[in-house]
Amino acid sequence: MTPPPAAAKNRLWLVRHAAPLVAPGTCYGALDVPADAQDTRAAAERLATALPAGALVGHSTLQRCELLAHDLQALRPDLTFTPDARLREMDFGRWEGKTWDTIGKSAIDTWVAGFATHAPGGGESLAQMLHRVAAALQTAREWRAHQGTKDVVWITHAGVARCVTWLQERGESALPRSEDWPVAAPGCGEWEIRELA
């Protein structure tokens, strides 16, 4: 978990759901799998003590994020919670629920070759995901300004956190190649704090 930026006035907390209950090596982007209940409660407890009063909380509509949002809301009923489908993980289409080994090297190589524009498994391209995360960021800025708060919290996924990093560093018009794509993201049940410019 990263500490708040020292001089940041407006902060975006990127909180990742707790460990999902899915077999290792499974592609589970938009697959609606639950998270470990004990890990979710522990993450909610840590987050509840860290969040300031008045924070606005948006959360992915996938149950692994909704579970964390519900546990956090029980601990912090003073916060405002809003579901937002734009905060969902990437949709891998027909790949969802399959192991990466089953998907096969050829299909993955095709995706890597057209990293930004190819829709893996016929699901969603990275360019499409970047567009929806960019729209959610704009809403967060407007939401923050309208509500007069300095902190917006997203309970979301690693892919969304990587999109935020890309958008803040490169912008939506720059299409990433696989070798340029940020790999860092919060661990399960952890978060990072970025400036919401």
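Quick caveat: nothing in here was measured; it's all calculated off a predicted structure.
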So, for [X] and [Y], which heavy atoms are closest and what is the spacing to 0.1 Å?
X    : Y    : result
L126 : P176 : CD2-CG, 3.5 Å
L175 : A127 : CD2-CB, 4.0 Å
W191 : A43  : CZ3-O, 4.4 Å
A53  : D78  : CA-OD2, 4.2 Å
M129 : R88  : CE-O, 3.9 Å

Apply side chain to side chain contact (heavy atoms under 4.5 Å, CB included) to F81 and Q73, showing your working.
-> CA-CA 8 Å; F81 290 77; Q73 189 169 28; 3.7 Å; yes

Could you grab the distance from atom [atom1] of [X] to atom [atom2] of [Y], nearest 0.5 Å is fine?
X    : Y    : atom1 : atom2 : value
L68  : S60  : CG    : OG    : 11.0 Å
T165 : L14  : OG1   : CG    : 7.0 Å
T139 : D84  : OG1   : CG    : 7.0 Å
C163 : Q168 : SG    : CD    : 11.5 Å
D71  : D39  : CG    : CG    : 11.5 Å
W13  : L51  : CH2   : CG    : 5.0 Å

Contacts of W143 that satisfy ring pair (Phe, Tyr, Trp, His ring centres under 6.0 Å) - sequence neighbours left out | none

Contact between [X] and [Y] at the side-chain level, heavy atoms closer than 4.5 Å - yes or no?
X    : Y    : answer
P34  : T40  : no
L56  : L79  : no
C188 : P20  : yes
R64  : E89  : yes
T26  : K98  : no
L47  : V15  : yes
I155 : L72  : yes
V133 : V164 : yes

Over 12 foreign heavy atoms within 6.0 Å of CD, Q138 = yes

Atom NE2 of H118 with >12 non-hydrogen neighbours under 6.0 angstrom |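 Yes, the 6.0 Å shell around NE2 holds more than 12 heavy atoms from other groups.
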
Under a 4.5 Å side-chain heavy-atom rule over Ile, Leu, Val, Met, Phe, Trp and Tyr, are [X] and [Y] clustered together?
X    : Y    : result
L87  : L62  : no
Y28  : W95  : no
W100 : M90  : yes
V160 : V152 : yes

When you look at K105 and I108, which way does the side chain to side chain contact (heavy atoms under 4.5 Å, CB included) test go after all the steps?
-> CA-CA 5 Å; K105 185 178 182 315; I108 293 170; 5.8 Å; no

Any ring pair (Phe, Tyr, Trp, His ring centres under 6.0 Å) pairs touching residues 153-172, not counting sequence neighbours?
-> H17-H157, W166-W181

Trace of the side chain to side chain contact (heavy atoms under 4.5 Å, CB included) decision for L196 with R141 = CA-CA 7 Å; L196 183 59; R141 291 183 197 102; 3.9 Å; yes

Between E124 and R132, is the closest basic N to carboxylate O distance under 4.0 Å?
->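 Yes.
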
Is the ring centre of W111 less than 6.0 Å from the ring centre of F92?
->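 Here the rings of F92 and W111 have centres that are less than 6.0 Å from each other.
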
Between E66 and H59, does any side-chain donor sit less than 3.5 Å from a side-chain acceptor?
->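 Side-chain D/A pair, E66 to H59: absent.
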
With distance as the sole test, does [X] use its side chain to make a donor-acceptor pair with the main-chain N or O of [Y] at under 3.5 Å?
X    : Y    : result
R194 : A161 : no
R16  : P186 : yes
E96  : L31  : yes
D36  : A19  : no

Decide yes or no on side chain to side chain contact (heavy atoms under 4.5 Å, CB included) for L137 and L167, but give the supporting numbers first.
-> CA-CA 9 Å; L137 277 171; L167 289 164; 3.9 Å; yes

Set of side-chain hydrogen bond (donor to acceptor under 3.5 Å, both in side chains) partners for T99, sequence neighbours left out = T102

